[in-house]
Amino acid sequence: ESETALLMSGIVAQLQGQREKAEEALAKLLTVNPSDAKATNLLALLLIDSPKVSDQEKALRYAQVNAERFAKQSQTQITLAWVQHKLGRKRESQQALQRGIQAGNLSADSYYLLAQILADENNNEKAKQILQELLSRSESTFLYRNEAEALYKKLGRSLDDFTQQN
């Protein structure tokens with residue numbers, strides 16, 4: 001299989017909720033091309049959601065190596081920030097987040113992860129602004145589109161509830 005086919009297979013499997021199949025395709029791609037930034041990012045994002053601590057540790061290693069190897073790419077920094085955030089490493093997550101934002105040219109998925117981190121930190125107004133911008137301009141499918149739409153709806157309700165109470 002070609003690298004592109006393996007990457008697409010991993011993405012499609014992830015979109016369909018087939019975690020093991022996605023992990024298998026991405027891991028196979030990394031045996032063919034160990035420095036594939038997209039596959040490494042996707043694998044880190046996939047593994048950090050695993051209930052297994054060993055998978056979460058692998059996710060952190062993938063994200064750290066990728067962020068070092070591709071230090072000027074926003075996606076690698078935002079992925080590292082997300083993985084660290086999920087592990088409760090707030091200070092390190094904020095540092096990687098800043099590097100990712102400074103690198104510029106964030107992908108739609110990076111914007112979603114940024115918004116989710118902000119929402120988790122109760123910065124709902126900023127998170128909603130980012131999601132509104134993202135969803136209004138991004139008509140194509142991206143990996144976290146459903147999650148972005150769900151978070152936007154959730155923040156919309158919670159912000160409406162908040163303003164009605166005051």
Side-chain angles (χ1 to χ4, degrees), residues 1-121 127 130-131 133-135 137-148 151:
E1 289 181 82
S2 75
E3 292 178 33
T4 304
L6 287 169
L7 181 63
M8 292 311 297
S9 177
I11 290 170
V12 169
Q14 196 166 356
L15 285 169
Q16 294 175 337
Q18 298 174 336
R19 228 184 87 71
E20 288 179 16
K21 188 175 178 184
E23 185 179 344
E24 182 182 310
L26 295 170
K28 189 173 181 182
L29 172 52
L30 290 177
T31 60
V32 175
N33 181 359
S35 64
D36 188 298
K38 282 185 181 178
T40 305
N41 269 344
L42 290 169
L43 199 50
L45 292 169
L46 185 71
L47 291 171
I48 195 58
D49 288 331
S50 169
K52 295 181 190 171
V53 174
S54 61
D55 283 348
Q56 294 171 6
E57 290 169 351
K58 272 197 273 187
L60 179 60
R61 284 194 304 275
Y62 279 129
Q64 286 172 328
V65 166
N66 224 24
E68 289 170 16
R69 190 180 291 156
F70 302 101
K72 294 185 192 302
Q73 288 186 14
S74 60
Q75 182 69 26
T76 63
Q77 298 301 323
I78 300 294
T79 297
L80 178 59
W82 177 250
V83 168
Q84 290 170 328
H85 172 75
K86 296 278 283 190
L87 294 172
R89 298 176 175 198
K90 187 173 178 160
R91 186 176 53 80
E92 294 98 328
S93 174
Q94 288 300 316
Q95 291 170 347
L97 202 58
Q98 286 306 313
R99 289 190 304 270
I101 292 167
Q102 288 170 353
N105 199 24
L106 274 67
S107 69
D109 289 312
S110 289
Y111 275 116
Y112 161 71
L113 295 172
L114 171 60
Q116 183 64 65
I117 290 170
L118 290 168
D120 289 348
E121 294 173 351
I130 289 169
L131 290 168
E133 169 78 19
L134 171 64
L135 294 169
R137 71 175 168 81
S138 188
E139 295 172 17
S140 64
T141 300
F142 56 96
L143 193 60
Y144 290 108
R145 183 169 190 93
N146 291 340
E147 291 86 344
L151 179 59

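Heads up: numbering here begins at 1 and tracks the sequence.
Taken from CG in N41 to CG in D109, the straight-line distance is 10.0 Å, to the nearest 0.5 Å. The CG atom of L47 sits 12.5 Å away from the NZ atom of K86 when rounded to the nearest 0.5 Å. Atom OH of Y111 sits about 5.0 Å away from atom CG of L106, to the nearest 0.5 Å. Taken from CG in L80 to OG1 in T76, the straight-line distance is 8.0 Å, to the nearest 0.5 Å. Between the CD atom in E24 and the OG atom in S9 there is a gap of 8.0 Å [rounded to 0.5 Å]. Expressed to the nearest 0.5 Å, how far CD of E57 lies from CD1 of I48 amounts to 9.5 Å.
For the pair S74 (side chain) and G104 (backbone), a donor-acceptor distance under 3.5 Å is present.
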Taking distance alone, no hydrogens or angles, what donor-acceptor pairs closer than 3.5 Å link side-chain atoms of residues 93-102 to residues at least two apart or in another chain?
residue	atom	partner	partner atom	Å
S93	OG	A81	O	2.9
Q94	NE2	E121	OE1	3.3
Q94	NE2	E121	OE2	2.9
R99	NE	Q77	OE1	2.8
R99	NH2	Q77	OE1	3.3

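When all heavy atoms of A148 and L135 are compared, the closest pair comes out as O-CD1, 4.0 Å. Closest approach of A127 and A119 over heavy atoms only: CB-N, 3.8 Å. Between A63 and V83 the shortest heavy-atom distance is CB-CG2, 4.0 Å. Of all heavy-atom pairs between A22 and A13, the closest is N-CB, 3.5 Å. Considering all non-hydrogen atoms of both residues, L118 and I130 come closest at CD1-CD1, 3.4 Å. Looking at every heavy atom in both residues, Q73 comes nearest to A37 through OE1-CB, 4.0 Å.
Ring pair Y144/Y112 is parallel by interplanar angle, where below 30° counts as parallel and above 60° as perpendicular.
Here the side chains of F70 and T40 are not in contact, with every heavy-atom distance at 4.5 Å or above. Between L60 and E92 the shortest side-chain heavy-atom distance does not fall below 4.5 Å. No side-chain heavy atom of T79 sits less than 4.5 Å from a side-chain heavy atom of N66.
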Would L29 and L43 satisfy side-chain contact (heavy atoms from CB on, under 4.5 Å), going step by step from the backbone distance to the final call?
-> CA-CA 10 Å; L29 172 52; L43 199 50; over 6 Å; no
